[in-house]
Structures are given as C-alpha cells and as structure tokens.
Amino acid sequence: MSKIICTSAIDGAVEWVAQADAKLSEAIAKKGENCKTGFPDTAYYLPIIYSLTGEKVETLGDMRKILNRAKLLLPQRPSEHIWLPYLGNALDAGIASLFACEIIEACKYCIGPNPIDGIWLGAANDIILRERGVEFVDGTAPGFAAITGAAPSKDIAVKIARQLQEKNLYVFMGGCTNGVQFADQLAEAGVELGWKTRLVPYGRDVSALIYALGFANRVALSFGGIKPGDFRGNLKYNKNRIFAFVLTFGEVTPDKYAIAAGAINYGFPVIADTAIPQILPTGVCTYEHVVSSVPYESMVEKALEVRGCKIKVTKVPIPVAFGPAFEGEIVRRADMQCEWGSKGNIGFEWLRMKELNEIEDGKITIVGPDITDCAEGSTNTIAIIIDVAGRKMQKDFEPVLERQTHNFINCAEGVQHIGQRDIVWIRISKNSFKQSFRLSHLGSILHASLHNDFGAIVDKVQVTIYTEKDKVDGLLPQARESFRERDLRIAGLTDEAVDTYYSCTLCQSFAPNHVCVIPPERTGLCGAYSWLDCRAAYEINPTGPNQPIQKGGTIDAAKGEWEGINKFVNDNSHRSVERFTFYSLMDSPMTTCGCCEAVMIIVPEANGVMIVSRDDLSMTPCGMTFTTLMATVGGGQQTPGMMGHSKRWVTSPKFIPYEGGIKRVVWISKNIKEEFAEELKAACERAGVPDLIDKIADSDSATSLEELLPFLEQKGHPALTMEPLL
Ligand code: SF4
Ligand code: ZN
C-alpha cells in the first residue's frame, strides 16, 4: 500500500488514541473508575471491543485496560524512506482507532454530550438489532453504506441516498465535512431519516462510525453464531456475509483515514470522491480496498461493483404482473395493441459482453417510436441490444444469457415473445398497454431478471431498444456476424468425438414434453443453442435446463440412437417420448417445440424433403405456409417425416444422413440459400454433387408441386433416383 495512506492512517490512529485517553481521563475524574458504562439496552457491551477481544467492558476502569491494548496496536510511523507494500500496519492502526472511538462514544453516554441529539440516533439497542440485523442475514438488505462527510450539494446527497435505498441498502451516517454531514443535507431536503427509511444518522462526529461497524459485529455474534473474541471469525463473517462499504465525501483527513483502515479489516472497501491514493490490489477486501476520484453519478454503482455486491431486484418494476404463471400466455391478434418482428418486419435480439466501465447498470434507452407512437394493430421493427458486463462474465456465456430473453419477457402479463436471434416476434396486449406497459419495460424485465437469475456472472446490464427502421437495419449485419461467429466456434467438433451430449429443456414452459438433445454437429432447433452453449450453461447453472447426458450403449450407429439418450428423453418428456434418433427423419426424429428456425417435411412425390424457414411467408410446394406447418408439428410432438430444426443444421454433415443427407433436399426457402450460401456449397461438394444447390428449388422456381416436379426432372435432381423414402 502506499506510504501516504499508511502514515495517514497511523497519524489518525495516534490522534484517536490520544483523544480517547483525554476523554476517558475526564470521565474517570468526574465519575470514578468504577462508574458503570456501556451503550443502552444491549447485551453486547462495547460491541467492537467485545466481539474482537472478548472483553466485557462494564466500567470506566475496564476501558483503561482496553485503551492500553489499543496503544500497543499502534504501529511505528514508517520513516520517510521506507516503502510499505503491505496493509498490515494500517490495518492495526485501524483497529486501534475503532477501539479508541468506541471508548470516546461510550464516555459520551457517561459524561456527555449525549450522542442522542436532534436527528442523531446514537447506538442501536438490541431490539433494533434483532429487527434489522436479521434483514442482513435473510437477504432483505444486502448490507449497508457507511457515509462520512457531506456531498457537494443536498441534491446530490438525496440522489445518492435514493440510489442506495433502491438497492435495499442501509445508509449509516457519521462524520462531517466542514461541520456539515450528509444526514444534515438529507434532513434539509426534507428526506425522512431513521431506521424505518433505512437512512440512519448515527452521529455528527467521525467517531460515530463505530456504531455502524459495531452493528456489523453484533450481527455476526447474534445471527452468525460467532463467539466473542473470535476476531478472525467475526471479520470473515462480515467480509463474506455483510455487503458493506464506506463512501467518503470531501477531504479525507487522517482521523477518517484511520477509521477507513478499520473498515478495511472487515472487507469493507472505501470509495472516495476526492483524489486520495488508491489501494487497488486485492487482499483483505473482495476486490479493491480504496478507489478514489469516483464521480458522484457512479459512486453507488462503483461501490457495489468493488464490494462484489450482488443486487437482487425483488420486484420487477413494470406496471403489469410478472411471474412464470404468464409464461405460456398467448396474445391473440384481436387482443393485441401492436407487435414487433414477423410478417417481414425485422425483430432481433442480441446480447453482447462489454467491459465494466463501458456500460451503466440499469440504463434503458429507446431509440425510435414507442408503443404510444405505433398504430393500434400495427407490425413494427425492433432490435433489442442487451449489454452485459461482469467480473465473471465470459464471451461464451453470451448465447446462454441471450436465450433467456424468451422466458424472461414472457413472464410479463400480456406480453408474448416468440423466437430468438433474428426471428424475434413480440406482441403486447391492449390490456397491458392500458396499464401503461411501454417498450422500456422490456428493458426493466431484462435488467432485473438477468441480475436475479445470473447474478453470479452478471454485474451490469444495459438495454437499448431500437425501433427506427434504419437503425435496426444498420445493426442487423453486426448481430448476424456475431451469431455466425458463435456458430463457427464449434466447427470441427464431431458427434463421435464426445461421449456426452447436452439436454435443453428450456422450452418445457411452452411445450411441456419437449426435450432438445444437442450433439456437437446439430444446434438446438431454435438455432440459438449449440453443444458449447449448453456446456457453458451447465457451468453457470449445474442444476439448470442443460444437463450432460452420457450417450451410453449404441443401439443403432447409422440412425444415431443411444441407450443413455433414450432413457433421458423418456424420463424428461413425462414418458411421452420413448426414443430419439439423431440421424433419421423417418424413424423417431426429435420432438419439435414452437421456436424452430425451420421445418422440414417429406415430399413423397419427389422422393425428397423440403425445408421452410420461419422468415419465409410465402406458400410452399407442400401446400402449406410455415405457420400451418408449425401448427401441425409444434408443441413438443414427435412426427416421423416432419421435424423442426435450425437453419444451420442443413449444412451439417449430420443432416439426416440416414435418409441420404442434403441430397434429399428438393426445395428450400430462399433466405436459407442466401444466408448460408458458402456453407451449403461446401455441404454439396462434400455430398459429391458440387452443383446440387442449383438443382434444389426455391420460391423463384416453384411454389407448388406442379412446378416443383418438372424443375427437378429438368435439373436431374439426385433425389429422384435415390432409394425410396417411403
Ligand atoms: Fe433449448 Fe431446444 Fe428450446 Fe432451443 S428450442 S431453447 S435448444 S429446448
Ligand atoms: Zn422452443
């Protein structure tokens, strides 16, 4: 640590001990050594001293003994030439200061001035401790902010207090800047102070901060089962369980340094608005110890980040009900206020990992028209960009978090979300619109849910929703490139190379019997989950919807059927599906839920299959549009001859190999042809028919069976001469 801090903390500690000495001598002179002392209505004596040393201070004379101990803790001030890389000395100085301050405050109860005065509340009694301390344990309150000094203006003070309250933190206040305290500023602005509002003004003096730390010690004693005198246990409990930090405003004088050093012993970092020397390497605290020159707007956020404080948003702040009960709810056209995506309008969602300093947690921006600006019943474009940062976040987690959007948004009453990536379709009901649901609430849902469900890896979430067509069109290529990169990561990994596949049961909230099983060479039918993504999801949440499945004994290598997979599928489909093959369309194909990117159906007349993409709205040669096909195959059923799948799967070497692979494809939606042009070319070459892609019809060459068959004849499509499908 820097020498400046160390010397400041030691100077401060020396000052505190001297002050305590003087105050105690005055008290003893007035009341005598045997005068009873302590804080009112508590069984914990002077709690910092009691919890860290086990000493029960009951008289002024007892305090004398403790003060002598504090003196012994005072380290030597480092000479001008010695560089001290360790915190040890400052930490000892910090503890000595806390003992001294506790003595000073206790003497005030004995000889005045009375710590309880005006807005100042002094020590909390054990009734308050039981009522409030339990909140630190059950998670109702993640912790507290100990504030010393005064903000530059009362408006800033109010803003910061509100931010802390919103995060359910307690605000403990003590110590002034030029005679003014943060609590004075709040009181002046008409803010209600007290335990009820969690804004607790302990005292005007810096020494009053010991009430905050003593409270933390008492929580460890009474709720953590830590024994008095077990200082290591007590400090460790605080570091691990109480998410507290110190916010200092204004000049940090040696007396404040010394108390701050005391707080660092608890693992409570110090966030300062002024340019005090930083202590960035981690050690005692979870992350950094002292972070300085933090702008006011970001002090709370910075503090939470440095303390590693995970925020739970207990109530998702939206004007409609929110919960899994609404997940499967459908918004019918007649009930719909408006919709985004579908019918040729672009709708996409894209979650990106960012650096912590690049984004602002909770920031939600709408660029373009909101629901209020859209005509009733209209279909519009939308891009939802979710930026996520976290110390434990990894690029590999992007697709996993992004795929949750579907479930998160569907939890809102009267809001329907279908699809993923660039085929997102969202509807908002008239009723929810009337209850003031707006597009920004989609952001609120994502912010709250990502924090709540993925708090272990997510520290910040920022959402930007674009509804301006130009902007959406402009961003789409970048998103698609990122989806492509994600897909390509898995290139080269084969089904044979692993003995574990992964399940995905995320869609069971909509299709209760549906199970996706994902091998390396086939993404989930939504196209958004690859084998790697499932592995990452399992790493994040080992009890979640993505479980490793041992393939087990081989039943049929050509069809791709394994004992382990069959057992898992049967167990997890409520026994509605007995077996799965991976490589066949005709014999027990995988089940299909509502989110597949494409659907495949046999065309017996052509002895082949055709593939219709979700973004293809036109009539197809089988006489059905995508929507009609989905109505036939979706919902978690197993339908031989028909199957939902991802677009990319068509290009995989494991695309229905049992039926002959890509050579069976007689018709395909044009957008798949275009989007996967390169990969399809490679697949056709691999199949030994390099010009196959030109022999496969699309909507330009055929929209009916009557048009399809002559086209295939004319091109000499290989399916016509392959082994009969049926
Ligand atoms: Fe998971 Fe399959 Fe649903 Fe995709 S479609 S989220 S892989 S269950
Ligand atoms: Zn699904």
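For ligands, and for the atoms within them, numbers begin at 1 and follow the listed sequence.
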Confirm or rule out an N/O/S atom of Cys516, from backbone or side chain, lying less than 2.8 Å from the Zn ion (ligand 2).
-> no
Contacts of Cys622 that satisfy side-chain contact (heavy atoms from CB on, under 4.5 Å) - sequence neighbours left out | Ile601, Met610, Thr620, Met624, Leu629
List every atom of ligand 1 that sits less than 4.0 Å from any heavy atom of Ile518, numbering the atoms from 1 in the order shown and giving each element.
-> 7 (S)
Aromatic rings Phe580 and Phe582: how do their planes relate, parallel, tilted or perpendicular, breaks at 30° and 60°?
-> perpendicular
Residues, nucleotides or ligands: over 12 heavy atoms within 6.0 Å of Glu674 CD | yes
Tyr502 vs Tyr538 aromatic rings, parallel, tilted or perpendicular, using cut-offs 30° and 60°?
-> tilted
Hey, is Lys673 close enough to Asp700 for a salt bridge, meaning N to O under 4.0 Å?
-> no
In plain terms, say whether Asp487 and Lys647 are close enough for a salt bridge, that is, a side-chain N and a carboxylate O under 4.0 Å apart.
-> no
Mind checking whether the Zn ion (ligand 2) has an N, O or S of Cys595 under 2.8 Å?
-> yes
Is a side-chain N or O of Asp533 found less than 3.5 angstrom from the main chain of Phe397, in a donor-acceptor match?
-> no
Just one of Gln638, Glu561, Glu563 clears the side chain to side chain donor-acceptor pair (under 3.5 Å) bar with Arg579, so which one?
-> Glu561
What number of protein N, O or S atoms occur at distances under 2.8 Å from atom 3 (Fe) of ligand 1?
-> 1
Tell me, please, if Cys593 has any N/O/S atom, main chain or side chain, under 2.8 Å from the Zn ion (ligand 2)?
-> yes
